[in-house]
Each structure stands twice: as structure tokens, then as C-alpha cells.
Amino acid sequence: MENNTVFAKMPIISAVNEEVIGYEILLRKFNSISLDTFNHSPQLYTEFSFEILCEIFRLDANGLIRKTGQLLFINFTVQQFLSSGTLNFLVQQSDQKSLFNNIVIEITEQDLHHDSAQLAERMLLFTRFNCQFAIDDFGAESSNFKRVFDFKPQYIKLDGKMVKSFTEQSCDITPLSQLVKMCHKLNTKIIAEGVESSEIAIMLKNINVDYLQGYYCGKPQLISLD
């Protein structure tokens with residue numbers, strides 16, 4: 001790929017010591033197609049799923065995204081996740097499962113409305129490659145806790161708007177604290193998105209949120225494709 005493809009990475013840090021534990025990879029441009037075009041025509045994520053995954057894993061194999069032992073979070077639309085291109089990529093890499101070490105697949109909570117049997121089958125396949133799962137945008141809309149935890153995700157990513165609403169000065173943070181406790185009882189770790197200040201980071205640390213993501217933790221960084 002030349003400069004017609006651009007990715008960025010955004011750090012996720014430990015709430016305890018603020019060390020970087022991994023990165024979320026973000027598409028900015030692919031094959032000269034802008035991010036805005038992808039977002040207005042989300043079927044493009046499905047159409048180019050195989051090629052996008054090939055490029056992400058090439059960057060990762062060349063050490064351009066993360067250090068050894070750090071996590072790599074990859075977003076999928078549900079159609080992209082279930083696509084033949086994604087399946088073909090897994091089949092092609094079936095003898096190189098070490099490439100999938102510490103990979104976390106992100107699916108939005110809203111996408112869990114899709115056929116649960118199809119999702120569960122594809123998630124099982126990814127699990128055989130040692131991938132983990134994160135439910136993204138949790139709390140962006142009315143949450144169905146049973147549906148979310150039926151998928152047994154390793155991580156829950158709290159929607160940034162929800163985090164902001166609970167960490168405003170006049171708001172009672174107790175419900176968020178109870179949510180964190182419940183997730184921990186289910187062996188699910190919490191990543192808070194939209195963390196924009198040290199004050200918010202401290203509040204989240206005090207209720208035992210595990211990880212933080214947002215401009216306070218680090219802005220997206222463009223990845224060199226060299």
C-alpha cells in the first residue's frame with residue numbers, strides 16, 4: 001500500500017499507573033477512499049474486509065502499531081465481521097495463529113441486535129484463534145445487559161458520552177460504580193472512553209475502572225506505512 005491508505009492508532013492506558021496497555025487501530029483512508037465515504041457507505045467495510053485486515057496485520061507484524069505484549073483493538077461492523085472476506089482472511093492465516101496474540105475484536109453493543117446465532121458462531125471461530133472480544137459503545141443507547149453478557153466479552157468499552165454524563169460535578173457516580181462492580185464479578189474488564197482530563201481519570205480510577213481511552217490518554221497518531 002502507498003499513501004492512498006492511512007491508519008491511525010489511539011492508546012489505551014491502565015487507570016492504575018497510566019502505562020499504555022494497547023492501541024485501537026483507526027481507519028483514516030483506504031485505497032484512496034476517505035473515512036467519510038466509508039461511514040456514509042458502510043458496506044465498503046464489508047467489501048474491503050479482507051484487504052483491510054491484511055494491511056492491519058502487515059503493520060502489526062512489522063511492529064508499527066504496538067510493542068510485544070500490548071493489546072491491539074480492531075473495530076468491526078457486524079456485516080464486516082460476518083463477511084466472507086473476514087472468513088477468508090482467517091482461513092488464509094489458519095497456520096499462523098500466533099499473529100492473533102493479544103488481538104481484541106470490537107463490536108458495538110447496537111450490533112448485538114443482529115442474529116445471535118451467526119454472531120456466536122463467528123465469535124467462536126475467532127476465539128479459536130485466541131482473540132478476545134470487547135463490546136464497544138456500551139451505554140450509548142438503552143443497554144440490554146443479558147444480551148451483552150451472553151456473549152461473555154473480556155472487555156466492556158463505556159461510551160464516552162455516558163462517561164461524561166456520570167463524571168460531571170453534579171452527577172452521582174454511584175450507578176457507574178455499581179456497573180463496574182458487576183462487570184468485575186463477571187470477569188469483564190472496563191475501558192472508559194472519552195477521558196479528557198486528569199480529574200475524570202482520577203474519578204474513574206477511584207471506582208476501579210480498569211483502563212482509560214481519550215485525549216487525556218493520548219490523541220490518535222498516524223501510522224507510518226513504510
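Keep in mind the model is a prediction, meaning the values are calculated, not measured.
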Pairing donors with acceptors under 3.5 angstrom, does anything connect the side chains of Ser49 and Thr46? no
Between Ser98 and Asn101, does any side-chain donor sit less than 3.5 Å from a side-chain acceptor? no
Is any side-chain heavy atom of Phe73 less than 4.5 Å from a side-chain heavy atom of Ile105? no
Side chains of Asp172 and Thr174: is there a donor and an acceptor less than 3.5 Å apart? yes
Can a donor-acceptor pair be found, under 3.5 Å and without considering hydrogens, that links the side chain of Arg122 to the backbone of Ser83? yes
Identified side chain to side chain contact (heavy atoms under 4.5 Å, CB included) partner of Phe7 from the options Leu222, Leu59, Leu64, Leu26: Leu59
Shared ILVMFWY cluster between Leu119 and Phe126, side chains joined below 4.5 angstrom? yes
Hey, what's the ring geometry for Phe89 with Phe50, parallel, tilted or perpendicular (30° and 60° as the breaks)? perpendicular
Identified salt bridge (Lys or Arg N to Asp or Glu O under 4.0 Å) partner of Glu24 from the options Arg66, Lys157, Lys9: Lys157
Between Leu71 and Met10, is there shared hydrophobic-cluster membership here, with clusters defined by ILVMFWY side-chain heavy atoms closer than 4.5 Å? no
Between Leu179 and Leu212, is there a shared hydrophobic cluster once you connect ILVMFWY residues whose side-chain heavy atoms come closer than 4.5 Å? yes
Would you say that Leu204 contacts Val195 through its side chain, given a criterion of any heavy-atom pair below 4.5 Å between the two side chains? yes
May I ask you to decide if the ring planes of Phe38 and Tyr45 are parallel, tilted or perpendicular, using 30° and 60° as cut-offs? tilted
Between Lys205 and Ala15 the two heavy atoms that sit nearest each other are CD-O, 3.3 Å
Mark yes or no for whether Asn31, through its side chain, and Ile33, through its backbone, hold a donor-acceptor pair below 3.5 Å. no
Over 12 foreign heavy atoms within 6.0 Å of CD, Gln96: yes
Kindly determine whether Val163 and Glu193 satisfy side-chain contact (heavy atoms from CB on, under 4.5 Å), including the steps that lead there. CA-CA 7 Å; Val163 170; Glu193 297 182 298; 5.6 Å; no
Calculate, to the nearest 0.5 Å, the distance between atoms CD1 and SG belonging to Ile156 and Cys183 respectively. 5.5 Å
Quick check: does any side chain N or O of Gln80 sit under 3.5 Å from a backbone N or O of Thr77, one acting as donor and the other as acceptor? yes
When you measure from the centre of the six-membered ring of Phe129, is the NZ or CZ of Lys97 closer than 6.0 Å and no more than 45° off the axis? yes
Work out which heavy atom in Leu99 is nearest to a heavy atom in Gln93; give both atom names and the distance. CD1-OE1, 3.4 Å
Supply the atom-to-atom distance Ile13 CD1 to Glu18 CD, rounded to the nearest 0.5 angstrom. 4.5 Å
Nearest atoms (heavy-atom pairs only) where Ile65 meets Asp60: CD1-N, 3.8 Å
Has the side chain of Asn62 got a donor or acceptor atom that lies under 3.5 Å from a matching backbone atom of Arg58? yes
Would you mind reporting whether Asp210 and Ile191 have side-chain heavy atoms less than 4.5 Å apart? no
Please report the C-alpha distance between Met182 and Phe149 in whole Å, then the side-chain angles of each, then the deciding distance to 0.1 Å, and finally whether the side-chain contact (heavy atoms from CB on, under 4.5 Å) criterion is met. CA-CA 11 Å; Met182 182 185 74; Phe149 289 104; 3.8 Å; yes
Checking Lys219 against Tyr215: charged group under 6.0 Å from the ring centre and within 45 degrees of the axis? yes
Rounded to the nearest 0.5 Å, how far does OG1 of Thr167 lie from CD1 of Ile200? 4.0 Å
With the 4.5 Å side-chain cut-off for hydrophobic clustering, are Ile202 and Tyr211 part of the same group? no
Please give me the minimum heavy-atom distance between Gln221 and Tyr23, naming the atom from each residue. NE2-CE2, 4.2 Å
Asn102 vs Gln70, test: side-chain contact (heavy atoms from CB on, under 4.5 Å). Steps then yes/no. CA-CA 7 Å; Asn102 295 315; Gln70 290 180 332; over 6 Å; no
Under 4.5 Å between side-chain heavy atoms, hopping through other hydrophobics if needed: is there a path connecting Phe151 to Phe76? yes
When rounded to the nearest 0.5 angstrom, what distance separates CD1 in Ile25 from CG in Asn75? 10.0 Å
Quick one: does Phe30's side chain get under 4.5 Å of Ile52's, heavy atoms only? yes
Heavy atoms of Glu109 and Phe138 approach each other most closely as OE1-CA, 3.3 Å
Identify the heavy atoms of Leu112 and Ile135 that sit nearest to each other, and give their distance. CD1-CD1, 4.0 Å
Between CG of Leu176 and CD1 of Ile207, what distance do you get to the nearest 0.5 Å? 4.0 Å
Within the distance-only criterion (no hydrogens, no angle test), does the side chain of Ser41 pair as donor or acceptor with the backbone N or O of Gln43 below 3.5 angstrom? no
Any donor-acceptor pair under 3.5 Å linking the side chain of Thr127 with the backbone of Met123? yes
Rounded to the nearest 0.5 angstrom, the CD-CG distance for Glu55 and Leu27 is 10.5 Å
Is a side-chain donor or acceptor of Asp111 paired with a backbone partner of Ile107 at a separation under 3.5 angstrom? no
Lys29, NZ: over 12 other non-hydrogen atoms inside 6.0 angstrom: yes
